[in-house]
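Take a look at the structure below.
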Amino acid sequence: MKRWPVRAHDQALAGPVVGSVLAGIGTAHLAASYLAAMHRVLPVTFCTVFAAGANGRIETISAASSYGNTAERTAERYVAERFDRLDPHMAWLAGRKLPKRPQLWLGHHRAEEVEDAAYRAACYSDVGIRERSSVLLLLPSGQRAAVSFYRSLAQPDFGPADFALLEAHAALLADATAAHGRSAVAAREAAEPALASRLLALSLREREVIGHLLAGKSAKETAREIGIELTTVRTHQYRAFRRLGLRTLKELMRSA
């Protein structure tokens, strides 16, 4: 397990990569945008984005995988069981002295280096993940974030060339994540407090569906954009409405 400060880079980044990263800001597809961007430069299987405030509360959760919704389900368990307290990168950031300027690091660890057995099984061995490389951000306000890319057992180990590519894109990913966090805070402040607090009780997929509906998308459009069946969208919508105490889409729009 290792971490090192990101060095300043003046390397020009590819336009499509930058565009893919920026396209996710303020949307429910942040990790998917990061994953699509990095697929252009190196092979990775999962991407997760976890950010926590100075009080330790998780503020941003986004996950995406190259196949199915394995990463999303894993992220739901990560949040439900508060694995962020066991996550070696997030715990390390939480223990650092607050800096005067934003700090940016790269981190890397293998599955076998994760000490907690339950966390290791849920986020690594049970889903076939070998290792994780992360862009780590710590702000003077105490907010911290980890943008992580994972390789499966079928992929080669991360090597020096991979770390160099991640380091070259670290500032872009960190800036996009910070911007996403600011947009999320603004959205929460604009929403009715009662609704905002209830949204946190939803699963990641339920929140994703509700986000599309709040953006004016139909259930059919939501299914197409997320990549799931229309009946599955209806099921998530029904469960979310029940948890939110809503009966119709009009009630949801009035609550936001």
Side-chain angles (χ1 to χ4, degrees), residues 1-9 11 13 17 21-22 24-25 30-31 33-35 37-38 41-42 44-64 71 74-75 78-79 82-111 113-116 119-120 123-124 129-151 157-182 184-185:
M1 190 175 300
K2 56 184 178 180
R3 305 176 191 91
W4 61 97
V6 170
R7 297 166 297 174
H9 274 265
Q11 175 181 335
L13 304 181
V17 173
V21 168
L22 298 182
I25 297 174
L30 185 68
S33 296
Y34 290 1
L35 187 62
M38 297 312 293
V41 294
L42 79 165
V44 285
T45 297
F46 289 178
C47 174
T48 60
V49 184
F50 296 119
N55 59 1
R57 180 178 179 179
I58 297 178
E59 296 178 341
T60 298
I61 312 109
S62 186
T74 302
Y78 179 102
V79 174
R82 290 308 304 265
F83 285 145
D84 58 295
R85 297 171 179 170
L86 303 172
D87 183 329
H89 292 329
M90 293 297 281
W92 179 78
L93 288 171
R96 288 188 61 80
K97 181 180 179 180
L98 294 184
K100 294 182 179 179
R101 296 190 301 272
Q103 289 185 347
L104 199 55
W105 300 71
L106 281 189
H108 172 255
H109 67 251
R110 298 176 181 275
E113 295 176 311
V114 176
E115 294 182 0
D116 185 85
Y119 172 41
R120 184 173 63 250
C123 297
Y124 294 90
I129 291 298
R130 176 205 304 278
E131 57 183 325
R132 164 192 180 192
S133 291
S134 306
V135 174
L136 308 175
L137 174 66
L138 180 62
L139 299 178
S141 62
Q143 293 173 308
R144 57 191 186 275
V147 180
S148 300
F149 298 95
Y150 303 75
R151 281 192 169 166
D157 293 351
F158 282 107
D162 300 313
F163 295 134
L165 281 168
L166 285 171
E167 193 167 22
H169 292 81
L172 170 66
L173 292 165
D175 289 346
T177 302
H180 180 85
R182 290 192 295 270
V185 169

What distance separates Ser33 OG from Leu22 CG, expressed to the nearest 0.5 Å?
-> 9.5 Å

Leu104 to Val135 - nearest heavy-atom pair and separation | CD1-CG1, 3.8 Å

Please confirm whether the backbone N or O of Thr177 pairs with a side-chain atom of Tyr34, one donor and one acceptor, at under 3.5 Å?
-> yes

Side chains of Arg132 and His89: does their closest heavy-atom pair fall under 4.5 Å?
-> yes

Please round to the nearest 0.5 Å and tell me the distance separating atom CG of Leu173 and atom CG of Leu136.
-> 11.5 Å

Value rounded to 0.5 Å, distance of CE in Met38 from CG in Asp162 | 9.0 Å

Can you name the closest pair of heavy atoms from Ala111 and Arg120 and give their distance?
-> O-CD, 3.1 Å

Could you give the distance from OG1 (Thr48) to CG (Leu35), rounded to the nearest 0.5 Å?
-> 10.5 Å

First locate atom NE2 of His108, then atom OG of Ser148, and finally report the distance between them rounded to the nearest 0.5 Å.
-> 11.0 Å

Looking only at heavy atoms, what is the nearest atom pair of Ala71 and Ala63, with distance?
-> O-CB, 3.5 Å

Asp84 and Arg82: salt bridge (charged side-chain N to carboxylate O under 4.0 Å, His left out), yes or no, with the steps?
-> CA-CA 5 Å; Asp84 58 295; Arg82 290 308 304 265; 2.7 Å; yes

Hey, what's the ring geometry for Trp105 with Trp92, parallel, tilted or perpendicular (30° and 60° as the breaks)?
-> perpendicular

Where do Pro140 and Leu98 come nearest, in terms of heavy atoms and distance?
-> O-CD1, 3.6 Å

side-chain contact (heavy atoms from CB on, under 4.5 Å) between Val49 and His180, intermediate numbers included | CA-CA 11 Å; Val49 184; His180 180 85; over 6 Å; no

Taking atom CZ of Arg144 and atom CZ of Arg96, what is their separation to the nearest 0.5 Å?
-> 13.0 Å

Can you tell me if Glu167 uses its side chain to pair, donor with acceptor, with the backbone of Leu106 under 3.5 Å?
-> no

Looking only at heavy atoms, what is the nearest atom pair of His169 and Leu165, with distance?
-> ND1-O, 2.7 Å

Stepwise salt bridge (charged side-chain N to carboxylate O under 4.0 Å, His left out) test for Asp157 and Arg130 | CA-CA 8 Å; Asp157 293 351; Arg130 176 205 304 278; 3.4 Å; yes

Any side-chain heavy-atom pair of Pro102 and Leu139 under 4.5 Å = yes

Find out whether Leu42 and Phe149 are in side-chain contact, i.e. whether some heavy atom of one side chain is under 4.5 Å from a heavy atom of the other.
-> no

Can you check whether Phe50 reaches Ile61 side chain to side chain, under 4.5 Å on heavy atoms?
-> yes

State, without any angle test, whether His109 and Tyr124 hold a side-chain donor-acceptor pair at a distance under 3.5 Å.
-> yes

Test item: Leu86 and Glu115 side chains (from C-beta on) under 4.5 Å apart, heavy atoms | no

For Gly53 against Gln143, the heavy-atom pair lying closest together | CA-CG, 4.1 Å

